[in-house]
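In this text the structure is predicted, and so the values were computed from the model without any measurement. Side chains are part of it too, since the values below use all heavy atoms of this structure and drop only hydrogens, waters and symmetry mates. Atoms within a ligand are numbered from 1 in the order they appear, just like the ligands themselves.
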Amino acid sequence: MTSPLPRLVVLVSGRGSNLQAILDAIATRELDAEIVGVFSDKPNAAGLLRVDESLRWSATPKDFATREHFDAALADAIEASRPDWVVCAGYMKILGDAFVRRFTGKLLNIHPSLLPKYKGLRTHERALEAGDAEHGASVHFVSAELDGGAVIAQAKIPVLAGDTPQTLAARLLPREHALYVEVLKLAVAGRLTERNGIALRDGAPIFSPLSPDVTENPLH
Ligand code: NHR
Ligand code: GAR
(Lines give C-alpha, C1' and ligand atoms only; values in the text may rest on other atoms or scores of the structure.)
(Ligands and ions follow the chains in the order given, each with its own letter.)
Protein backbone atom coordinates (compact mmCIF):
# COMPACT_ATOMS: atom_id res chain seq x y z
CA MET A 1 0.00 0.00 0.00
CA THR A 2 1.24 3.50 -0.72
CA SER A 3 0.73 6.30 1.77
CA PRO A 4 -0.72 9.59 0.55
CA LEU A 5 1.83 12.20 -0.45
CA PRO A 6 2.50 15.08 1.97
CA ARG A 7 0.48 18.09 0.82
CA LEU A 8 2.28 21.39 0.24
CA VAL A 9 0.73 24.80 -0.20
CA VAL A 10 2.98 27.58 -1.53
CA LEU A 11 2.44 31.34 -1.09
CA VAL A 12 4.00 33.62 -3.71
CA SER A 13 3.87 37.31 -4.59
CA GLY A 14 6.25 37.39 -7.55
CA ARG A 15 8.16 35.29 -10.03
CA GLY A 16 8.10 32.07 -8.00
CA SER A 17 11.58 30.72 -8.69
CA ASN A 18 11.58 29.04 -5.27
CA LEU A 19 8.21 27.47 -6.16
CA GLN A 20 9.79 26.25 -9.41
CA ALA A 21 12.68 24.67 -7.50
CA ILE A 22 10.12 22.80 -5.37
CA LEU A 23 8.18 21.70 -8.47
CA ASP A 24 11.44 20.50 -10.07
CA ALA A 25 12.43 18.54 -6.95
CA ILE A 26 9.01 16.88 -6.94
CA ALA A 27 9.30 16.05 -10.66
CA THR A 28 12.68 14.35 -10.16
CA ARG A 29 11.32 12.54 -7.07
CA GLU A 30 13.98 14.18 -4.90
CA LEU A 31 11.07 15.53 -2.88
CA ASP A 32 8.23 13.15 -2.14
CA ALA A 33 5.30 15.53 -1.92
CA GLU A 34 2.52 17.12 -3.88
CA ILE A 35 1.63 20.76 -4.40
CA VAL A 36 -2.07 21.15 -3.65
CA GLY A 37 -2.34 24.91 -4.07
CA VAL A 38 -0.48 28.11 -4.88
CA PHE A 39 -1.84 31.24 -3.24
CA SER A 40 -1.08 34.88 -3.93
CA ASP A 41 -1.91 38.41 -2.85
CA LYS A 42 -1.04 39.46 -6.43
CA PRO A 43 -3.44 38.11 -9.08
CA ASN A 44 -0.80 38.89 -11.73
CA ALA A 45 2.07 37.11 -9.97
CA ALA A 46 4.10 35.20 -12.54
CA GLY A 47 4.58 32.44 -9.98
CA LEU A 48 0.91 31.46 -10.23
CA LEU A 49 1.44 30.46 -13.86
CA ARG A 50 3.86 27.73 -12.85
CA VAL A 51 0.99 25.45 -11.76
CA ASP A 52 -2.26 24.30 -13.29
CA GLU A 53 -5.09 26.81 -13.14
CA SER A 54 -7.07 24.50 -10.85
CA LEU A 55 -4.39 24.94 -8.17
CA ARG A 56 -4.31 28.75 -8.23
CA TRP A 57 -5.95 31.12 -5.75
CA SER A 58 -5.42 34.86 -5.59
CA ALA A 59 -7.10 37.94 -4.23
CA THR A 60 -6.18 41.59 -3.77
CA PRO A 61 -5.93 42.75 -0.13
CA LYS A 62 -7.31 46.19 -1.07
CA ASP A 63 -10.60 44.54 -2.13
CA PHE A 64 -11.19 43.55 1.51
CA ALA A 65 -12.41 45.79 4.33
CA THR A 66 -9.24 45.15 6.37
CA ARG A 67 -6.03 43.17 6.17
CA GLU A 68 -7.54 40.77 8.73
CA HIS A 69 -10.46 40.07 6.39
CA PHE A 70 -8.03 39.33 3.56
CA ASP A 71 -5.96 37.06 5.82
CA ALA A 72 -9.10 35.18 6.89
CA ALA A 73 -10.16 34.59 3.28
CA LEU A 74 -6.64 33.43 2.43
CA ALA A 75 -6.54 31.14 5.47
CA ASP A 76 -9.96 29.63 4.66
CA ALA A 77 -8.88 28.92 1.08
CA ILE A 78 -5.60 27.38 2.25
CA GLU A 79 -7.33 25.25 4.86
CA ALA A 80 -9.73 23.92 2.23
CA SER A 81 -6.75 22.36 0.47
CA ARG A 82 -5.79 20.50 3.68
CA PRO A 83 -2.05 21.27 3.66
CA ASP A 84 0.55 19.47 5.74
CA TRP A 85 2.96 22.40 5.18
CA VAL A 86 2.38 26.02 4.18
CA VAL A 87 5.44 27.36 2.40
CA CYS A 88 6.01 31.11 1.96
CA ALA A 89 8.28 31.60 -1.07
CA GLY A 90 8.66 35.27 -1.85
CA TYR A 91 5.33 36.10 -0.21
CA MET A 92 5.45 39.82 0.48
CA LYS A 93 2.48 40.57 2.73
CA ILE A 94 2.88 40.41 6.49
CA LEU A 95 0.60 37.67 7.86
CA GLY A 96 -1.49 38.66 10.86
CA ASP A 97 -1.46 36.90 14.23
CA ALA A 98 -4.73 35.06 13.57
CA PHE A 99 -3.36 33.62 10.33
CA VAL A 100 -0.09 32.56 11.95
CA ARG A 101 -1.95 30.88 14.83
CA ARG A 102 -4.08 28.83 12.42
CA PHE A 103 -1.01 27.29 10.80
CA THR A 104 1.50 27.30 13.65
CA GLY A 105 4.05 24.53 13.36
CA LYS A 106 3.49 24.02 9.66
CA LEU A 107 4.21 27.52 8.33
CA LEU A 108 7.65 28.11 6.77
CA ASN A 109 9.36 31.09 5.13
CA ILE A 110 12.62 31.74 3.30
CA HIS A 111 14.13 35.10 4.10
CA PRO A 112 17.11 36.49 2.18
CA SER A 113 19.41 37.30 5.12
CA LEU A 114 21.38 35.53 7.80
CA LEU A 115 18.75 35.96 10.49
CA PRO A 116 18.63 37.46 13.06
CA LYS A 117 20.31 40.05 10.83
CA TYR A 118 18.16 42.19 8.54
CA LYS A 119 14.58 41.30 9.30
CA GLY A 120 12.15 42.95 6.90
CA LEU A 121 12.88 44.31 3.45
CA ARG A 122 15.93 45.46 1.35
CA THR A 123 18.16 42.81 2.91
CA HIS A 124 20.82 42.69 0.16
CA GLU A 125 21.20 46.46 0.24
CA ARG A 126 21.46 46.50 4.03
CA ALA A 127 24.13 43.75 4.09
CA LEU A 128 26.20 45.77 1.58
CA GLU A 129 25.71 49.04 3.47
CA ALA A 130 26.92 47.35 6.65
CA GLY A 131 30.08 46.12 4.89
CA ASP A 132 29.33 42.47 5.72
CA ALA A 133 31.81 39.88 4.42
CA GLU A 134 29.07 37.25 4.23
CA HIS A 135 25.42 37.23 3.30
CA GLY A 136 22.85 34.50 3.01
CA ALA A 137 19.34 33.17 3.39
CA SER A 138 17.43 31.56 6.25
CA VAL A 139 14.50 29.17 6.33
CA HIS A 140 12.45 29.65 9.47
CA PHE A 141 9.15 28.76 11.08
CA VAL A 142 6.86 31.77 10.78
CA SER A 143 5.80 33.30 14.08
CA ALA A 144 3.81 36.45 14.79
CA GLU A 145 7.09 38.39 15.07
CA LEU A 146 8.18 39.32 11.54
CA ASP A 147 11.13 37.16 10.46
CA GLY A 148 11.53 36.28 14.15
CA GLY A 149 10.45 32.62 14.18
CA ALA A 150 12.75 29.67 14.85
CA VAL A 151 15.54 29.38 12.27
CA ILE A 152 15.82 25.94 10.68
CA ALA A 153 18.74 26.31 8.28
CA GLN A 154 20.89 28.89 6.53
CA ALA A 155 22.95 29.13 3.36
CA LYS A 156 25.93 31.52 3.30
CA ILE A 157 27.70 33.22 0.42
CA PRO A 158 30.67 35.60 0.39
CA VAL A 159 30.16 39.25 -0.44
CA LEU A 160 32.52 40.10 -3.33
CA ALA A 161 34.17 43.39 -4.26
CA GLY A 162 31.90 45.31 -6.59
CA ASP A 163 28.74 43.48 -5.50
CA THR A 164 25.46 45.32 -5.94
CA PRO A 165 22.15 44.29 -4.36
CA GLN A 166 21.35 42.71 -7.74
CA THR A 167 24.53 40.64 -8.09
CA LEU A 168 24.29 39.54 -4.48
CA ALA A 169 20.64 38.49 -4.89
CA ALA A 170 21.45 36.62 -8.10
CA ARG A 171 24.33 34.71 -6.47
CA LEU A 172 22.16 33.84 -3.47
CA LEU A 173 19.11 32.63 -5.39
CA PRO A 174 20.34 29.16 -6.44
CA ARG A 175 21.47 28.58 -2.86
CA GLU A 176 17.99 29.52 -1.64
CA HIS A 177 16.45 26.97 -3.98
CA ALA A 178 18.67 24.13 -2.76
CA LEU A 179 18.23 25.16 0.88
CA TYR A 180 14.42 25.23 0.71
CA VAL A 181 14.29 21.81 -0.96
CA GLU A 182 16.58 20.34 1.73
CA VAL A 183 14.38 21.70 4.50
CA LEU A 184 11.20 20.48 2.81
CA LYS A 185 12.67 16.98 2.50
CA LEU A 186 13.04 16.90 6.29
CA ALA A 187 9.63 18.49 6.80
CA VAL A 188 7.70 15.99 4.68
CA ALA A 189 9.59 13.13 6.31
CA GLY A 190 8.08 14.26 9.62
CA ARG A 191 11.49 15.10 11.04
CA LEU A 192 10.97 18.82 11.63
CA THR A 193 9.07 20.33 14.55
CA GLU A 194 9.08 23.53 16.56
CA ARG A 195 8.90 23.90 20.32
CA ASN A 196 9.19 27.10 22.37
CA GLY A 197 10.63 29.03 19.46
CA ILE A 198 13.33 26.44 18.71
CA ALA A 199 13.41 24.29 15.58
CA LEU A 200 13.97 20.58 16.22
CA ARG A 201 15.27 17.92 13.87
CA ASP A 202 14.39 14.41 15.00
CA GLY A 203 13.42 15.98 18.33
CA ALA A 204 16.77 17.70 18.94
CA PRO A 205 17.54 21.42 18.55
CA ILE A 206 19.17 21.87 15.13
CA PHE A 207 20.21 25.45 15.26
CA SER A 208 20.93 28.15 17.71
CA PRO A 209 21.34 31.71 16.49
CA LEU A 210 23.68 32.03 19.48
CA SER A 211 26.11 29.48 18.02
CA PRO A 212 27.29 31.06 14.77
CA ASP A 213 29.77 28.22 14.21
CA VAL A 214 26.97 25.81 13.32
CA THR A 215 25.33 28.03 10.76
CA GLU A 216 26.86 26.51 7.63
CA ASN A 217 24.25 24.06 6.42
CA PRO A 218 23.40 22.44 9.74
CA LEU A 219 21.23 19.90 7.88
CA HIS A 220 24.25 17.93 6.69
N1 NHR B 1 4.24 37.13 8.49
C2 NHR B 1 4.55 36.90 9.77
N3 NHR B 1 3.58 37.02 10.68
N4 NHR B 1 5.78 36.56 10.18
C5 NHR B 1 6.77 36.46 9.28
O6 NHR B 1 7.97 36.11 9.70
C7 NHR B 1 6.51 36.69 7.91
C8 NHR B 1 5.20 37.04 7.56
C9 NHR B 1 4.87 37.31 6.22
C10 NHR B 1 5.84 37.28 5.26
C11 NHR B 1 8.20 37.11 4.56
C12 NHR B 1 9.05 38.32 4.93
C13 NHR B 1 10.46 38.14 4.49
O14 NHR B 1 10.96 37.01 4.49
C15 NHR B 1 7.15 36.97 5.61
C16 NHR B 1 7.48 36.66 6.92
C17 NHR B 1 6.88 41.15 3.72
C18 NHR B 1 7.32 42.22 4.47
C19 NHR B 1 6.68 43.56 4.34
O20 NHR B 1 7.09 44.53 4.96
C21 NHR B 1 8.36 42.00 5.36
C22 NHR B 1 8.92 40.74 5.49
C23 NHR B 1 8.45 39.67 4.73
C24 NHR B 1 7.44 39.90 3.85
N25 NHR B 1 5.60 43.71 3.55
C26 NHR B 1 4.81 44.91 3.36
C27 NHR B 1 3.49 44.79 4.15
O28 NHR B 1 2.95 45.85 4.53
C29 NHR B 1 4.39 45.12 1.93
C30 NHR B 1 5.48 45.03 0.94
C31 NHR B 1 4.94 44.87 -0.48
O32 NHR B 1 3.74 44.55 -0.66
O33 NHR B 1 5.75 45.04 -1.40
O34 NHR B 1 2.97 43.66 4.30
O35 NHR B 1 11.15 39.12 4.15
C1 GAR C 1 13.61 35.29 -2.75
O2 GAR C 1 14.90 35.80 -2.82
C3 GAR C 1 13.14 35.23 -1.32
O4 GAR C 1 14.15 34.94 -0.41
C5 GAR C 1 12.69 36.64 -1.13
O6 GAR C 1 12.11 37.05 -2.34
C7 GAR C 1 12.63 36.27 -3.40
C8 GAR C 1 11.50 35.56 -4.08
O9 GAR C 1 11.92 34.99 -5.27
N10 GAR C 1 11.72 36.71 -0.08
C11 GAR C 1 11.44 37.83 0.55
O12 GAR C 1 12.04 38.86 0.37
C13 GAR C 1 10.30 37.69 1.50
N14 GAR C 1 9.91 38.96 1.95
P15 GAR C 1 10.98 33.97 -6.04
O16 GAR C 1 9.61 34.60 -6.18
O17 GAR C 1 11.65 33.85 -7.39
O18 GAR C 1 10.97 32.67 -5.28
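Listed by atom number, the atoms of ligand 2 under 4.0 Å from Pro112 heavy atoms are 4 (O), 5 (C), 10 (N), 11 (C), 12 (O). With ligand atoms numbered from 1 in the order given, ligand 2 contributes 4 (O), 10 (N) to contacts under 4.0 Å with heavy atoms of Ile110. Those atoms of ligand 2 with a heavy atom of Gly90 less than 4.0 angstrom away are 6 (O), 8 (C), 10 (N). Short contacts between ligand 2 and Arg15, defined as distances under 4.0 Å to a heavy atom of the residue, involve ligand atoms 9 (O), 15 (P), 16 (O), 17 (O).
The shortest N or O to N or O distance between Gly16 and ligand 2 is below 3.5 Å. In terms of N/O distances under 3.5 Å, ligand 2 is approached by Glu176. Distances between N or O atoms of His111 and those of ligand 2 include no value under 3.5 Å.
Within the model, atoms CZ of Phe99 and CG of Leu11 stand 5.5 Å from one another, a figure rounded to the nearest 0.5 Å.
No donor-acceptor distance shorter than 3.5 angstrom exists from the side chain of Asp41 to the backbone of Thr60, with no hydrogens or angles considered. At least one donor-acceptor pair closer than 3.5 Å links the side chain of Arg50 to the backbone N or O of Gly16. With Arg201 contributing its side chain and Thr193 its backbone, the two residues share no donor-acceptor pair below 3.5 Å. Using modelled atom types, one side-chain atom of Thr164 and one backbone atom of Thr167 make a donor-acceptor pair closer than 3.5 Å.
Protein heavy atom nearest atom 13 (C) of ligand 2, with residue, atom name and distance: Met92 SD, 3.5 Å. In this structure, atom 15 (P) of ligand 2 lies nearest to the protein heavy atom Ser17 N, 3.3 Å.
Taking a cutoff of 4.0 Å between a charged side-chain nitrogen and a carboxylate oxygen, Arg102 and Asp76 qualify as a salt bridge. Here Lys117 pairs with Asp132 in a salt bridge; the nearest charged N to carboxylate O distance falls below 4.0 Å.
In this view, Arg195 satisfies the salt bridge (Lys or Arg N to Asp or Glu O under 4.0 Å) rule with no residue, not counting sequence neighbours.
Annotation: salt bridge (Lys or Arg N to Asp or Glu O under 4.0 Å) contacts involving residues 20-37, sequence neighbours excluded, comprise Glu30-Lys185. A ring-ring contact (aromatic ring centres under 6.0 Å, His included) check over residues 130-162, counting only residues at least two apart or in different chains, returns the pairs His124-His135.
Residue-level contacts of ligand 1 at the 4.0 Å heavy-atom threshold are Arg67, Tyr91, Met92, Lys93, Ile94, Leu95, Val100, Asn109, Ile110, His111, Gly120, Leu121, His140, Val142, Ser143, Ala144, Glu145, Leu146, Asp147.
Residue Gly47 places every heavy atom at 4.0 Å or more from ligand 2.
Side chains of Leu31 and Leu8 form a contact here, defined as non-hydrogen atoms less than 4.5 Å apart.
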